[in-house]
Structure formats: structure tokens, C-alpha cells
Amino acid sequence: MNCDTITKQLSLMLYGELTFDEEEHIHQHLETCAPCQAEYRKVRDLHNSLNSMQEEVPPALLQDCRRSLRIGVAALNQPGAARKPGLFDSLRQWLPSWGLDWKAAGALGLLAIGFLGGRVLPSGSMRGVGLLGQPEPSVSRVRYVQPADDGRVQIVVEEVRQRVLSGNVDDGRIRSLLVAASREANDPGVRVETMSLLKSQMESIEVRRALLAALRNDTNPGVRLKALEALRETQPDSDTRRVLTEVLLTDDNPGIRTQAIDLLTQRRERSMVGVCQELMDRESNDYVRSKCQRALLDMKASVETF
Amino acid sequence: VDEAGLIRAAQAGDQYAFEKLVQAYDQSVLRLALNLLRSTEDASDVYQEAFLRVYKNLHTFRFDCSFHTWLYRIVTNLCLDHLRKRKVRKEEPTLVQTPDGPVDRMDVVMEERVQGDPQRRLICSQMGDRIKSALEDLTPRERMVFEMRHYEGMRLRAIGEILGTSEEAAKNCLFRATQKMRLALGDFV
């Protein structure tokens, strides 16, 4: 190999992309060639300088991204998120724009139909859409309207009905509904109640996952606290410990961080030393700090990192 | 549960498995996007778009390649799109919003390393500018290969697979990138 070939390969050697033999040839050459040695030092210094430009991901940015992704995924899971073109979309292709917002116009039209329908039409005049003989829906929404062949109007209505279900918490179907409620119920009070009910079902993986998800993601601190209380009931497994660590370092509620550190440090495991030291660097709450400091002293670990 | 198990569970609609899958890779995805695009906003966009694409298309993943390769194909394509658009716009934002106001992330990196030595600080600040400028002068593909090899520590064979090219082509790309960097920073090193 000549000097030109050697200098071309120096960088690849530093990246570990050469074979053993190729590297060996370069080392042999470098031992006897002062200009290539100087070039090697420069390339190595360049690598070191570039290393200083590496950016680590700020934890807050990662958390923000994860939160946005959860919202994005939830939006995808909404019914009709990727809907096919509807009646209004088809109609719009055939209508001139005239500068109108057809969605708004359509919505106003439907509102008018709903209003007039409620005022003008007698209650028994609708048939054929499954409304007769059914209990009144708690929520209904007109999806679209279109004239039928016999001169009447067909209105497609989406309905949400309330049903009362009862059963034991250890019934799989009831438990699944509770798990769903822990994620989806809009009312935080319902979610708190759900956490309390699920507490007795900790042997179920589905339940443990739901509690961990609530502890990590729920926007309401009361719900997170309830989830944490439920998780106290069992020996924390590796998933639980991971989520608890994440919560300890990132949850904005000091009460939750206090509970998390109690749970994580009760067995004084050495694996907690690094987490506690990181917490000492970032924790602003005096009480949580004192707990953390005590745990580190109990584990005979340094309170500070150097 | 191993990765294949997580992928199968996520394909079957298990949200928890999908989240675990995301968490196994999202930090390195975000770091790559952040290093490449030097903008938290663009990096967040790439993160969101990449994982939503994974979510929507996971059912099409047939284990023909590793999940890592499949995911990084999506991520690198998105980053390349951003870089190409930016080449057209001729801009490279490095400002990061912080509680203390906007800060140039390049300045922060260099300053943290040379505090207390004004002479070194000046040199490093100049070098930071030079590195920034040299990175901007790389083509999007060179930049991608360089970032994945230098900062993400990926092997050239894997990079070639991700970018749909050969290991040799990735090697040439890396060589050109390092040569350009070497020329741009010649008098600093």
C-alpha cells in the first residue's frame, strides 16, 4: 500500500470498518512513515472533535414526543379516522364552490333538519331505521340524509345507548370493561374508582399493564396516585420498577414522586443508587430530596456524583 | 417478551406492546433526527411521523429484515426529505428554545467543554461554527451516512441496507463525508 491508499483508509480504520489484515497493513506502514503518522493524528483529532458535537436527547423532549405520539395513535384509533369519502365529499365534487364552506353549510343544514324534525314531525312518522320500539338513545348524531325512492327522507343516525352491566370484578368481561374505562373514561372520578376496583386483580397482566399505563400517562394526579397505591399491593416486577423509575424522575407531582421513591427504595437494592443520584441532581422538592438522601445513605452510597 | 413477540403482539393490536416497541428505539431515533436536522421542532416532527407510519403499516412488516432496519428506513427517508427541503430553503436552524430564551445548541456544546479558558473557548467556538458549516455542506446522503456511522455507531453494512444501497457505496459516501470534514476543519486539527 502506498501513502495515498493509507490516508484514504485511516478514517475507515478509526470506524472499525476495515478487515484485520487491512488494519495490520496500515499499522505496519504507520510505523515507518512519519507523514502518514501525522495524517493519522489529524484524522484521529478530527474524530475526537466531531464527538464533541454529539447531542444527547433532552428527557423533556423525549417525553413530549411520546405524549404527542400517544395522542396521534389515539386519533388514528378514533372511529372514522381514515374514513372513506362520504356523501358530502362526493356532492362537493359536483357543486361549484361559490366561496362557501360546505362543511359549515352542511352542518347548518343538518341542524335545521334536526330542529324542524323535532318541532314538526310527529313522533310516529319515522320508520325503517330501527328507531321504533327502541328505548330513547342517550346520544344521537345524524350522519347523513338522503331522499328515498318513495319520496320520503332517509336519515342515518348514530346512537349511543346506556346499558347497565353487573358482575364480580374477577369476571373477565367486567375486568376488561374496567381496564377500558381506566384508559378511556373522560371523567377522572370514574378512572379513580376504576383504579380502586382493579386493585384486587393484580394477578392479571392486563390489569397490571392498565395500572402502569395510568401511572405513566394519566393527566390527573389523583388517578396516578390511585394507580400507584394499587401497585404497592404486589412485589414490583421489572416493568413496574422501570415505570416507577420513569415516574420518579419525570412526574411533576411531588406526592407521586414521594410514593415512587418509597416503593423503589424499600428493598435498598444497589441498582437504585444511580437513579437516586440522578434524582439528587434534578429534584427540587426538599421532602423528596431528603427521602432520596436517606435512601442513598442507607445503601452506603455517595449522595453526589462526581 | 422478545422483540419478535412484541411485534406480533403489536400487529395484533396490543397497544402496550406497540409502546414497548417504540420505547426500545425512540431515543435513538430522536437523537439521530436531532443530530441530523439540528432543530427540535423538525426532529419531533420526524419522530411523530415515523412512529405513526410504523403504527399504520406494522401489519405489512413480514420479518424479511430486522425491525431496526425497517424502522430506520422510514426514519432516514423522512430525515432525507427534511434535509433536501432545507437544502432548497438554504437554512439550518440550530436555535433551541429553553426556559432562558432561544440558545444556539452548538454554542452550548462547545462552551460547556471549555469554560474558564477564553482562548480555548474562542477556538472551540470557531471550530463549532466550522463543523456546523462543514455538516451543512455535505449532501443529505453523505450527512446521513456520516451521522449513522459516527454518532449512532451503526455498521456500514447496516447503513447500506437501511438506505437501500451496498456496503461499498455507503463506505464511499462516508469517505467523501470525512474528506470534506477534514478539508473544512484542516487548520483546526
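Letters A, B, ... are given to chains in the order of the sequence lines, protein chains preceding strands, and every chain is numbered from 1. Scope of the values below: all heavy atoms of this structure, side chains included, with no hydrogens, waters or symmetry mates.
Arg242(A) touches chain B through its side chain: at least one heavy atom from C-beta onward sits under 4.5 Å away, while N, CA, C and O do not. Of the atoms belonging to Leu12(A), it is side-chain heavy atoms, and not backbone ones, that fall under 4.5 Å from chain B. Heavy atoms closer than 4.5 Å to chain A are found in the side chain of Phe175(B), but not in its backbone. In this structure, chain A has a heavy atom under 4.5 Å from the side chain of Asp14(B), while its backbone stays farther away. Contacts of Leu52(B) with chain A are made by both backbone and side-chain atoms, with heavy-atom separations under 4.5 Å. The contact between Ser68(A) and chain B is made by backbone and side chain atoms together, counting heavy-atom distances below 4.5 Å. For Asp64(A), no part lies near chain B; criterion is any non-hydrogen pair under 4.5 Å. For a residue to count as touching a neighbouring chain, one of its non-hydrogen atoms must lie under 4.5 Å from one of that chain's; by this rule Phe51(B) touches chain A with backbone and side chain alike.
Applying side chain to side chain donor-acceptor pair (under 3.5 Å) to Asp251(A) and the options Gln259(A), Arg257(A), Arg216(A), Arg224(A) leaves one that passes, Arg224(A).
Below 30°, between 30° and 60°, or above 60°: for His47(A) and His150(B) the angle between ring planes is between 30° and 60°, a tilted geometry.
Side-chain N or O atoms of Glu142(B) include one that pairs as donor or acceptor with a backbone N or O of Thr139(B) at under 3.5 Å.
Remark: Arg66(A) fails to qualify as a cation-pi partner of Tyr47(B) under the 6.0 Å distance and 45° angle criteria applied to the six-membered ring.
When each of Lys56(B), Glu19(B), Met181(B), Gln179(B) is checked for heavy-atom pairs under 4.5 Å with chain A, Glu19(B) comes out on top. Interface remark: of the candidates Asn48(A), Leu61(A), Leu14(A), Thr7(A), Leu61(A) forms the most heavy-atom pairs closer than 4.5 Å to chain B. Counting heavy-atom pairs closer than 4.5 Å to chain B, the top-ranked of the candidates Glu17(A), Lys8(A), Arg44(A) is Glu17(A). Comparing Val22(B), Thr178(B), Leu156(B) by how many heavy-atom pairs each has under 4.5 Å with chain A, the most go to Leu156(B).
One finds the OG atom of Ser44(B) at 10.0 Å from the CG atom of Leu62(A) (value rounded to the nearest 0.5 Å). Rounding to the nearest 0.5 Å places SG of Cys173(B) at 13.0 Å from CZ of Arg143(B).
Looking at Glu167(B) and Lys171(B), no side-chain N of the basic residue comes within less than 4.0 Å of a carboxylate O on the acidic one, giving no salt bridge. Glu3(B) has no carboxylate O lying under 4.0 Å from a charged side-chain N of Lys20(B), or vice versa, which leaves the two without a salt bridge.
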